Protein chains: 2
Amino acid sequence: MPDENTAQNRNLASTFAKGLAVLEAFDGLSPSLTLAEIARATGQDRAAARRGALTLLDMGYLRQDDRHFSLTPKVLSIAGGFLQARGFGRLVQPVLNRHAVTLDTEISLATRDSSAVMLLAQSTVTDGLVSQGFTAGSRLPLLHTSLGRMLLAGAPDEVAARIISQSGIPRPTDHALTTADEILTRIRAARRDGYTVTDSEFEPGIIGLAVPVTGPGAMPVVLGSSLPRGRDGVLAPDPILKGLQRCAAELRQTGVLDRL
Amino acid sequence: MPDENTAQNRNLASTFAKGLAVLEAFDGLSPSLTLAEIARATGQDRAAARRGALTLLDMGYLRQDDRHFSLTPKVLSIAGGFLQARGFGRLVQPVLNRHAVTLDTEISLATRDSSAVMLLAQSTVTDGLVSQGFTAGSRLPLLHTSLGRMLLAGAPDEVAARIISQSGIPRPTDHALTTADEILTRIRAARRDGYTVTDSEFEPGIIGLAVPVTGPGAMPVVLGSSLPRGRDGVLAPDPILKGLQRCAAELRQTGVLDRL
DNA sequence: CCCATTTGTTCGTATAACGCACGCTTTGTG
DNA sequence: CACAAAGCGTGCGTTATACGAACAAATGGG
């Protein structure tokens with residue numbers, strides 16, 4: 001805790017913030033965490049991390065099996081508070097579902113959270129060709145997905161450049177772009193064209209398409225879809241692209257995404 | 001804070017618990033809350049509630065418009081940690097989707113959280129006849145929905161009776177059962193029959209069907225569907241009931257619901 | 001079986017958080 | 001438009017909450 005006892009700090013509850021950091025450590029990358037892992041992930045003293053975890057256990061958000069802690073379904077009710085208050089189930093999900101069936105592809109709605117893409121909603125279709133098991137709340141990479149690039153296109157160049165340099169450049173596939181300049185060039189093109197395509201950068205053989213939903217001044221939200229690379233070499237089938245744009249227009253009309 | 005300085009209390013961080021109570025106050029029933037409303041909802045001193053809300057604001061979980069606070073999409077990432085870690089998107093959602101299309105009805109997976117039904121996952125279909133805009137994390141009433149009755153059927157009689165008396169009996173529709181005895185009788189029948197039906201108790205003209213997914217010893221999880229009351233008077237169409245039971249069997253096979 | 005790691009617990013100490021009070025701002029009503 | 005009610009921001013004295021170190025026990029892996 002900084003020695004600076006300013007008004008700003010006195011308005012915040014640092015123990016609550018530390019507890020939320022414990023909750024955030026359960027990021028879905030592993031099925032469970034031990035107390036030692038929680039302390040390492042949060043950078044907290046072991047005793048403090050333990051108090052945070054036991055408080056979550058006591059309130060029903062964690063379960064414990066021997067030394068392993070994992071999230072319980074109760075965390076869904078926190079998300080439900082958001083989804084219910086904003087009318088996602090009534091206004092957003094039906095639009096995604098209808099267009100997913102029409103286009104016969106999975107459709108995802110996403111925003112940016114720090115240096116990751118975070119899915120807001122998604123519609124999967126039966127026997128869809130591509131499905132990676134993502135759900136609302138899932139996080140995806142920012143730099144090698146069409147959703148991520150389209151999100152960064154919604155920010156000024158200098159902001160996008162800073163985010164790229166801060167997060168480092170992973171290499172999910174052999175086809176993944178590897179330099180900040182290449183990625184920034186694609187982001188500028190996305191801003192210019194109003195859509196973007198990735199080809200096998202996040203998953204081999206899979207094309208990603210994304211279009212913006214919200215406009216300048218609003219929190220960037222984008223819409224995207226994935227499909228296998230066709231033999232004919234067409235990366236962005238026009239019907240899919242136009243369908244995503246129509247879907248985006250309908251989502252804008254709901255007004256749900258105006259203040260996120 | 002009780003004066004009792006036991007080990008149990010020293011293992012918990014009461015400031016963190018108070019902060020989580022602030023987060024829980026955003027239950028989706030209203031689009032936003034003021035500081036005064038948060039303090040009332042949580043029973044906390046106004047200054048404490050304010051510190052909790054400002055900590056959530058600072059960490060990105062709330063946004064503020066004048067005096068009104070509301071949840072941000074970032075809360076979805078907490079749910080995403082659970083859904084990703086448990087493989088809901090890969091293992092549960094496709095099963096629900098497939099059966100929803102086959103049966104041509106919306107299908108919901110639910111568990112109990114205190115005195116409410118909480119949806120774990122759901123599949124909606126295009127042009128479905130019934131959709132109330134619920135999503136994962138949504139809470140539904142416990143006593144007048146088929147999901148709620150099937151959940152209570154998974155508990156011993158005395159537990160069900162206690163929950164009924166503790167939560168009080170609302171009256172969502174004119175057809176809603178009004179006494180604890182009537183409701184308990186239906187719960188016993190659900191336990192005996194292995195399924196339950198409600199007719200216009202939660203929503204006029206709508207039949208609800210539910211079957212259990214998990215067995216004794218596991219946390220009760222149930223599966224349900226809604227459809228409009230048919231003219232022929234058949235409340236539980238055999239194909240829908242059997243389809244739900246098949247879906248439940250497939251969900252059991254995934255193993256995802258074994259430890260929730 | 002040994003050793004490294006993890007965990008549970010106690011406890012002295014300090015500071016984070018409490019809650020009250022005051023004054024200002026906003027909102028609603030007559 | 002004025003006034004009352006409600007809500008909010010802030011300062012501050014006090015103390016209970018939480019901290020983290022240390023020790024011992026438990027666990028897990030080689």
Side-chain angles (χ1 to χ4, degrees), chain A residues 1-26 29-59 61-71 85 259, chain B residues 1-27 29-59 61-71 259:
Chain A
M1 169 71 167
D3 197 29
E4 181 192 359
N5 202 19
T6 60
Q8 174 62 17
N9 285 347
R10 285 200 299 265
N11 288 337
L12 304 182
S14 63
T15 303
F16 181 25
K18 289 171 74 173
L20 287 173
V22 169
L23 185 53
E24 287 175 338
F26 291 86
L29 295 181
S30 46
S32 63
L33 294 173
T34 63
L35 287 174
E37 287 169 334
I38 293 167
R40 280 196 293 273
T42 59
Q44 293 175 16
D45 179 86
R46 185 176 63 76
R50 180 169 184 270
R51 285 190 294 270
L54 292 185
T55 306
L56 288 165
L57 182 69
D58 185 67
M59 290 188 73
Y61 291 105
L62 285 182
R63 59 171 286 147
Q64 178 175 15
D65 296 279
D66 301 321
R67 302 168 155 218
H68 296 275
F69 292 82
S70 51
L71 290 171
R259 292 174 184 273
Chain B
M1 166 71 167
D3 197 27
E4 183 192 357
N5 203 19
T6 60
Q8 175 63 16
N9 285 347
R10 283 198 300 264
N11 288 335
L12 304 181
S14 64
T15 304
F16 181 25
K18 287 170 77 172
L20 287 173
V22 170
L23 185 53
E24 287 175 339
F26 291 86
D27 56 9
L29 295 181
S30 44
S32 63
L33 294 172
T34 63
L35 288 175
E37 286 170 335
I38 294 166
R40 279 196 293 273
T42 57
Q44 293 175 17
D45 180 87
R46 187 171 63 77
R50 178 169 184 269
R51 284 189 295 270
L54 292 184
T55 306
L56 287 165
L57 183 68
D58 184 67
M59 291 188 72
Y61 292 106
L62 286 182
R63 58 171 287 147
Q64 179 174 15
D65 297 279
D66 301 320
R67 302 167 155 217
H68 295 274
F69 292 82
S70 51
L71 290 171
R259 291 173 186 275

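What you see is a predicted model, and the numbers here were worked out from it, not measured in a lab. In what follows, chains carry the letters A, B, and so on, assigned in the order in which the sequence lines appear, proteins first and then strands, with residues in each chain numbered from 1.
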Hey, which sits more toward the 5' end of DNA chain D by its nearest nucleotide, F69(B) or R51(B)?
F69(B)
Which nucleotide in the set [options] lies at the smallest distance from any side-chain heavy atom of [X]?
X: D45(A); options: dG19(C), dG20(D), dT10(D); value: dG20(D)
X: R40(B); options: dG8(C), dA21(D), dG7(D); value: dG7(D)
X: A48(A); options: dT9(C), dC20(C), dG20(D); value: dG20(D)
X: R67(B); options: dT27(C), dC20(C), dG11(D); value: dT27(C)
X: R10(A); options: dT9(C), dT7(C), dG11(D); value: dG11(D)

Does any N or O in the side chain of T55(B) come within less than 3.5 Å of the main-chain N or O of A13(A), such that one atom is a donor and the other an acceptor?
yes
Main-chain N/O of L57(B) paired with Q64(B) side-chain donor or acceptor, under 3.5 Å:
no
In whole Å, what is the span from the [atom1] atom of [X] to the [atom2] atom of [N]?
X: L57(B); N: dG9(D); atom1: CG; atom2: C1'; result: 15 Å
X: L54(A); N: dC19(D); atom1: CG; atom2: P; result: 12 Å
X: L12(B); N: dA16(D); atom1: CG; atom2: C1'; result: 15 Å
X: Q64(A); N: dT27(D); atom1: CD; atom2: P; result: 12 Å
X: K18(A); N: dG20(D); atom1: NZ; atom2: P; result: 5 Å
X: N9(B); N: dG8(C); atom1: CG; atom2: P; result: 17 Å
X: Q44(B); N: dG19(C); atom1: CD; atom2: C1'; result: 12 Å
X: N11(A); N: dC8(D); atom1: CG; atom2: C1'; result: 12 Å

Between [X] and [N], does any side-chain N or O lie under 4.0 Å from OP1 or OP2?
X: T15(B); N: dA18(D); value: yes
X: R50(A); N: dT9(C); value: yes
X: S14(A); N: dA17(C); value: yes

Taking any heavy-atom pair under 4.0 Å as a contact, classify A13(A): base, sugar-phosphate, or nothing.
sugar-phosphate
When we call it a touch if two heavy atoms are under 4.0 Å apart, what does A36(A) touch: a base, just sugar-phosphate, or nothing?
sugar-phosphate
If you apply the rule side chain to side chain contact (heavy atoms under 4.5 Å, CB included), what do you find for R46(A) with L35(A), and how did you get there?
CA-CA 7 Å; R46(A) 185 176 63 76; L35(A) 287 174; 5.7 Å; no
I want to confirm an ordering. Mapping F16(A) and E37(A) to their closest nucleotides on DNA chain C, which one lands closer to the 5' end?
E37(A)
Kindly indicate, with the supporting measurements, whether the criterion side chain to side chain contact (heavy atoms under 4.5 Å, CB included) is fulfilled by R51(B) and V22(B).
CA-CA 10 Å; R51(B) 284 189 295 270; V22(B) 170; over 6 Å; no
Using only heavy-atom distances, decide whether a donor-acceptor pair under 3.5 angstrom links the side-chain of R46(B) to the base of dG9(D).
yes
Test side chain to side chain contact (heavy atoms under 4.5 Å, CB included) applied to L20(B) and L56(A), step by step
CA-CA 9 Å; L20(B) 287 173; L56(A) 288 165; 3.8 Å; yes
CG of N11(A) to CG of L54(B), rounded to nearest 0.5 Å, is 5.5 Å
